[in-house]
Structures are given as C-alpha cells and as structure tokens.
Protein chains: 4
Amino acid sequence: MAQDLELLLHDNTFAGYTDKQLAIVEAAVDVFAAKGYANSSTHEIAKRAGVAEGNIFSKFGNKRGLLDAIINPVLRSIFPDMVHNLQTDEFQRHYTNLREFISVLVGRRYEFMKSNARVMKIFIAEVVYNTDLRQKVVARFPEGYWQLLFGEFDDLRQRGMLVDWDNSTVMFYLIASAAGIIGGAMLFNQEIAPHTQTQMIDAITRALSPA
Amino acid sequence: MAQDLELLLHDNTFAGYTDKQLAIVEAAVDVFAAKGYANSSTHEIAKRAGVAEGNIFSKFGNKRGLLDAIINPVLRSIFPDMVHNLQTDEFQRHYTNLREFISVLVGRRYEFMKSNARVMKIFIAEVVYNTDLRQKVVARFPEGYWQLLFGEFDDLRQRGMLVDWDNSTVMFYLIASAAGIIGGAMLFNQEIAPHTQTQMIDAITRALSPA
Amino acid sequence: MAQDLELLLHDNTFAGYTDKQLAIVEAAVDVFAAKGYANSSTHEIAKRAGVAEGNIFSKFGNKRGLLDAIINPVLRSIFPDMVHNLQTDEFQRHYTNLREFISVLVGRRYEFMKSNARVMKIFIAEVVYNTDLRQKVVARFPEGYWQLLFGEFDDLRQRGMLVDWDNSTVMFYLIASAAGIIGGAMLFNQEIAPHTQTQMIDAITRALSPA
Amino acid sequence: MAQDLELLLHDNTFAGYTDKQLAIVEAAVDVFAAKGYANSSTHEIAKRAGVAEGNIFSKFGNKRGLLDAIINPVLRSIFPDMVHNLQTDEFQRHYTNLREFISVLVGRRYEFMKSNARVMKIFIAEVVYNTDLRQKVVARFPEGYWQLLFGEFDDLRQRGMLVDWDNSTVMFYLIASAAGIIGGAMLFNQEIAPHTQTQMIDAITRALSPA
DNA sequence: CATGAATGAGCGTTCATTCAT
DNA sequence: AATGAATGAACGCTCATTCAT
C-alpha cells in the first residue's frame, strides 16, 4: 500500500484529505484490487480503514466517487499531461537507436505499474467494461503527442532502424506486447528480473526492426 | 451470439439442453460480456432470455453454475486436453522454420478467440480475480506437453532459428505478446486485418529469432 | 416406515392408492418427521419416493393435502370412533382396580405411539400451531365418551380407589403425565423398557390413588 | 408480550439494544410463537415491529440469529448455570420431605414458564427438531449437578420418603410428568389454578413415594 | 396416469445510502 | 467532521404449483 499511496499522494487529488479520508482510499485500493469493485462493499472498506461508513459518502458522495478518486490520478499519471511533456521528457532527446527508445518508453511504464500494481489492476478492470473511460484514455493523448511520437518513428525508420509499417501498427505492437508482458507478470504476482527485462526489450526491438 | 453459440454447441456440455435453457446461456453470454459477471443480475438474464428466473436455478444450480457452464467449454476448447493430443495436432509435424511454428500456434488461438469474443471476455475477466481458475488453466498443460513444446524449441534453437533463451522465457514472450495483441484488438472490438496478422506474426518471429 | 405404513394401511384412507401414491406417503412421513412440515419440500419427497413431483399434486391437490392424508388416519386411529367403541373395547369390562384401568388406557396408547412414532411426531407438531386441528381432536371425544369415562372414574372413586378430585382434573393428570412420559422417551428416540413401563404405571396409579 | 419482555430484559443479552431492536425481538416472539419459526417471515416480523427489514440482519446476522437471541436467555434462565449454583439455590437447604422438594423444583419452573409462555413455546418447538439444542440443554447440567440432585434423592430414600427406583428413573418421571402438565396447560392457553397446582404436586409426590 | 420443465410469488439477505445524533 | 443505526430496493434463490407432452 505504501507504494500505491506514494504515487497517489503525489497527485494533487489528495491534497487536503484528512487522515481518515486517506485511510479510506488506502483500504479501498486494497479491497477493490483483491475482489473487484463490484464485489467490494463500502462496509468492508470502512471497517478496514477503521472509520465509520458514513465518511465514505460525506467525502466521496457515493461508492463510484471513491473509485473515481482512485482511478483519476492513474489517468493523470500514467498518461501524463502530454502537452506539458512535449518539449521535455520522452521526446526532447534524440534517440540514437530503436532499442534505447523502446527501453525508455516501456521501462518507464513498467516501473510505474510495478509500483502501483493494485491501483493498476483496479484501473484495468474498470477499463474493460467502461467505454467512457476507454475514450478518456484515448483523449489523454492529444493530436500533438501523436505527431511527436510518429515523428520519432519516421525518424528512426528513415535511419533504417524501424520496420516499414504504418506508424499506428508499430504503436499497436509496441503497446500490446508490452502490456501483455507486464500484465502477464502481474497476473501471477511476479516481478520481471532485470535480466529478463533486458531480454524482453531486446525482443521487442528485434520485432520492430526491419526484416 | 450466433458465433458464440456455434462454438458452444459443438461442446457436449450443451447436449440435451432445452430451447429455454439455451436461451438462458445465450442471454447470459450477452449480459456477462457487457457488464461483467458481478454486475449482471439473474433477473436481467431471465428477462432477456424470455424465461422465468427460476429456470436458471433449476438447470444451473446457482448464478455461478451458469458462469461455469459458459466458461468450462472455453477451458476445454482453447486449452484442449493436451494429454490426448500429444501425438497428433500441433506437434506431430515438423516445422521447417520458426515462423511456421508461431503461425500455427498463435493463428489457431486467434481464430478461436475471434469467433468467441464475448465468451473470451467473460473468461478473462474471471481469470483475473479467480486464483482457482488460473490454476485450472495451468493444470491443463501436463508435463508431457511442456516436454514436447520445449523439445520443439530445442530443435529450432539447434537449427539456429530460435533465440538463445530459457525455454520458459521464450514461451512467456510468445504467450504474453500474442495475448496482448489479441486482447488489445478485442478491447476495441476490432478484427485484425489479414495483412496486419501477417505483420504481427512476422514481428513475433523476429522477436524470437537469434540476435 | 414399515411400521408406520402398517398402521396407515389399516385405515381405509389408503384403499385404492397406487404403489406410487403409497410411496409418496411413505416418503412424506420420513421427511416431515425428520425436518418438520414447513421445512420439507415436495421435491425432496418426490425424489425419495422415486416418482415425479407432479404426482403429489394430482393425487393430494397440494402439499397440505398430503399432510392431511397422513394426519387424518391418526385422528381416526388414536382417538378411535368412540361411539362404536362405547359398548366394546375399553369400557365394556369392569376394572377391578385403578392400576388395571390405567394400564389398559395408557399401555394401549403407548403401543400405538411406539408403532407410529414418526406419524405421531408429525401430528403433534401440527397440533401445536393448529387451533382447528386441536378442536377436531377434542371433538373426537363425544359427550357419551366422557360420560362413560367419568362414570368409570366415579365407580373407582366410590370403591375408594381414586383420588377425590374433579373428574376433569383426574383426566388431565392422567393424559398430561402419560403424554409427558411417552413424549419424553420419543424425543430421545428411546423405548421404555418393560420394567420401567411397570414403574411408570405404578407411579401414575399411586398419583391418582386417594391420599 | 410485556411479561415475556420483562424476563428477557433481565437477561444481559438485551443490554444495549435500541428501541427498534427490542421491537424486533418483541415482534419475533409474537410471530414465532403464533406460526412457528419456519412459517414466520422476516418481512412480517419487521412490519409488526414497525421497522425496516434490514435491521433484523444488521443486528442479528440472519433469521436464525434472531431465534437464538430469543432462545439463549431461556437456556440461561430455565436451566441456570448449575456449576455456579451448586452451593446455593435449590440444594443448599435440607428438605424435610419429598413434597417440599418437588414443590420447589417444579413450582419454580412453572412460574418461569407461565411468565414466558410464548418464548417457551418457541423453545420447545425448536428442541423437537434440533438435536444440537437438545444436547446443549443436557450440557447445562454438569456432573456435579447430578451428584447433588441424586444425593438429595438418596437422602430422601434413606429416610423412607422416596420410591425405590433408579435415581435416573425418578428424575425422568419427575421431569416428564411436570413437563406434560405444564405443557398441556400451555397448549390450551390456560393457567393452572392454585388449587390445581396443589393437587398436581400432591399427585407427583404420591407417585414418587414408596408403595 | 405420469412426467419434469416451466413458472413466479415470496423468501432471506446484502448493501449503498441517508440522517439524527 | 464523524458516527453507525436505520432504510429499502434489489439481489440470488427456493419451492409449491401448473401443464404440455
């Protein structure tokens, strides 16, 4: 939990929360991740948080509001406000090769997910049945982001370092295989050893290299 | 649904079902896939099936029994009884190269999943929170299966066609990336065009080829 | 069961019953006695009888009708049609002493109850909550019966063999203590050994003898 | 009801109950006694108590818990914790004759049952079908209790005041006939007039006196 | 007569939510 | 803000009863 909360606490969502309210969020993350949102009761969450059930509703309005309070920071964190990062972060530098590029993109996401496994599980379970949320995720990537990312692809391809596919197909393979690898590991509660991480990134790199 | 039922009807699980009982299964697949098992009510399923609610319980015992009736055929179909298939099927032939091997293994699963998208969604959602079911899936792969699969890996590796990793790491990448690709497509209700299928299999092949 | 049925079969209620219908009655006696009428299901009775559930309703109308078919013979048997017995049976002879009188009255009822333990249990449980049935029981004892019984009491009292109480009080003690003794034994599924039977009858005799 | 509650309120089981929770117990005693536990619905109990049905379950867990809350005080009251009462109460004094002894033992129970008729009815009906509860009743009489009671019997017998039977047979007659008398009275909702009480105790005394 | 699939009212129970304290 | 008793709609489920075969 400490890890999960560490992340959530960096989000301004939780500024001004009382100790009890934070305890509710902590407990909710535990319970939602263990049994799924629909199978969790506000009674159990309140008990685990050591507070009265009413507190959940005075702060979060309803059970759904509590879920949103957990999910929204994920939306903001894993898909950080791309507009602000455009000039900095992932695209400010020039990658000398495909492997370095993949390593940064995937590695960063893996670190995040590893540190926030329970919150991520809640988020993903919600995304599966929630079309609105799915569209919100897509909406977090503004036009400009794709331009920069695809620009990076184009650059690598011109230098003969990237397979000759549609940019969107490249992106799909990158996201899908990385998500499969990370999700698979999480499903069995296992970390990916550093050596294996290297192997995985090597493999994705080969996959996206020209034939 | 037509597609889903087509599959399920080939499974002997549904032999002897009355029309109403089949209608319940059809409706349940619809509702479970749309809202998740926990958020679905037997009342809604019965209404959609045009049937009295009691029928669900006289046939399936309880709500969970209805889920099992949907899930068990998946277990039998996507992970067929490997013990009996050892000499036949996927391992009877000799693959001339890695790509052919991957193409058969992955392609076959993709076809199945595409035809049974809703049932698969139900199955996967259940696996995430159900440790028992996860172990059942694992148990469907007996020792002998791994020996044959890994023997195939060893053979390909000796012929210089497979990356020099642990067999289990190879397998993990293969399953995880394929699952990510197929799951990602299903999440957005999209088929993978034949051309893209080729690209994906090419990519996985490169990923698992020696450096 | 054999014993219970032996009794019930002597009642003309069961004349013309098919084998299946008799099997239903047998099964119902078992189940009602074990779990109580309200906690027994027609499904279980039908299963135990090896017949389809519908048979219960085509023969007995409803579940209550099945209970009545079991209870009515008890009403007729344990409280036999007193009018017909007036000249015969219990009051035709002259008892030489109180003990002999009690021995016949109580002994006969005990034998009946021992042979029909399960049916009696069903009957008693029903009587507790069923005012109508209670009144039916009372109604089985016509005016003439009391006259004869109380006449017997008066006779014994005049001969100095019976306590100087109201006849109705004598009767109450007689019935209540005998019922308590027999019921207590049945509650723990135990027979009363012949030696103990003698002791009990001796005791009741002393209880009702003049001080 | 007032009477019943008077008793139950003296039991610490009901300390800390809210008004509504007490109303539930009151209503449950009414309904259970009138129709039997199995035929009573929580809906009816809640309605009669003027309370939402959910309150039953938040306080008592389930319907059975409500029955237990009614039954347990009976267990504690009618069969008080004998271990602690060994030196006091019924056995501390020396009875000068059998009648006095019976009068205390039976009279005390009769007073209790008369004041708690409905609760007793519920208790007895439950005992008939509940083997566990029957054993609990038996378990409330520890070894030491029997020793004292049988010691009292032995003492009376040596003084020529008690019939020459097994102690357990004496006890059985005592309990069974008293229970039959009290139960019979309760079955027809009638009190036993003081004069009749005297007669009954006299009768039991004679029954257990030497021939 | 016999069957058992089908029905649906009613049950015990859960739980998000409200609100007086 | 904090409490938890109270609420009642909705749930999964049971079971007496019906009826087409």
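Keep in mind it's a predicted model, so treat the numbers as computed, not measured. All chains are named by letter (A, B, ...) in the order of the sequence lines, taking the proteins before the strands, and each is independently numbered beginning at 1.
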Toward the 5' end of DNA chain F, by each residue's nearest nucleotide, C:N62 or D:S58:
D:S58
Donor-acceptor pair, side chain of A:R134 and main chain of A:V127, under 3.5 angstrom
yes
When you get a sec, tell me which of F:dT3, F:dT14, F:dA16 is the closest nucleotide to the side chain of A:V51?
F:dT3
Distance, rounded to the nearest Å, where B:I56 contributes CD1 and F:dT14 contributes P
13 Å
Is the NZ or CZ atom of B:K63 positioned over B:Y37's six-membered ring, under 6.0 angstrom from the centre and within 45° of the axis?
yes
Starting at the 5' end of DNA chain E, which residue's closest nucleotide do you reach first, D:H43 or C:T18?
C:T18
Output the rounded distance in Å from NZ (C:K35) to C1' (F:dT14).
12 Å
Salt-bridge criterion met for D:R118 and D:E26 (N-O under 4.0 Å):
no
A:K136/A:D132 ion pair, N-O < 4.0 Å:
no
Between C1' of F:dT14 and CG of C:N39, the distance in whole Å
12 Å
With a strict under 4.0 Å distance from non-hydrogen atoms of chain D, what nucleotide opens and what nucleotide closes the contacted stretch of DNA chain E, reading 5' to 3'?
E:dC11 to E:dT14
In whole Å, what is the span from the CZ atom of B:F57 to the P atom of F:dC11?
11 Å
Below 4.0 Å: OP1/OP2 of F:dA16 and any side-chain N or O of C:T42
yes
Is it true that A:E44 and A:K35 make a salt bridge, defined as a side-chain N closer than 4.0 Å to a carboxylate O?
yes
Base, sugar-phosphate or nothing for D:E53? Non-hydrogen atoms, less than 4.0 Å.
base
I want to confirm an ordering. Mapping C:A52 and D:R64 to their closest nucleotides on DNA chain E, which one lands closer to the 5' end?
C:A52
Backbone N or O of D:A33 within a donor-acceptor pair of the D:K121 side chain at under 3.5 Å?
yes
On DNA chain F, more 5' by nearest nucleotide between A:K59 and C:S41 is A:K59
Tested for side-chain contact (heavy atoms from CB on, under 4.5 Å) against A:F123, the lone hit among A:I70, A:V128, A:L67, A:L75 is A:L75
For a quick check of understanding: with a heavy-atom distance under 4.0 Å over all strands, which category does D:K20 fall into, base, sugar-phosphate or nothing?
sugar-phosphate
D:F32 side, atom CZ; D:L66 side, atom CG - distance, nearest 0.5 Å
4.5 Å
Give one of base, sugar-phosphate or nothing for D:N55, where a contact means two heavy atoms less than 4.0 Å apart.
base
Double-helix bend of the helix from E:dA2-F:dT21 to E:dT21-F:dA2, axes at both ends from 5 pairs, round to 10°, gives 0°
Knowing that exactly one of C:V29, C:I124, C:I71 qualifies, which makes a side-chain contact (heavy atoms from CB on, under 4.5 Å) with C:V119?
C:V29
Atom CZ of B:F60 and atom P of F:dT14: how far apart are they, to the nearest Å?
15 Å
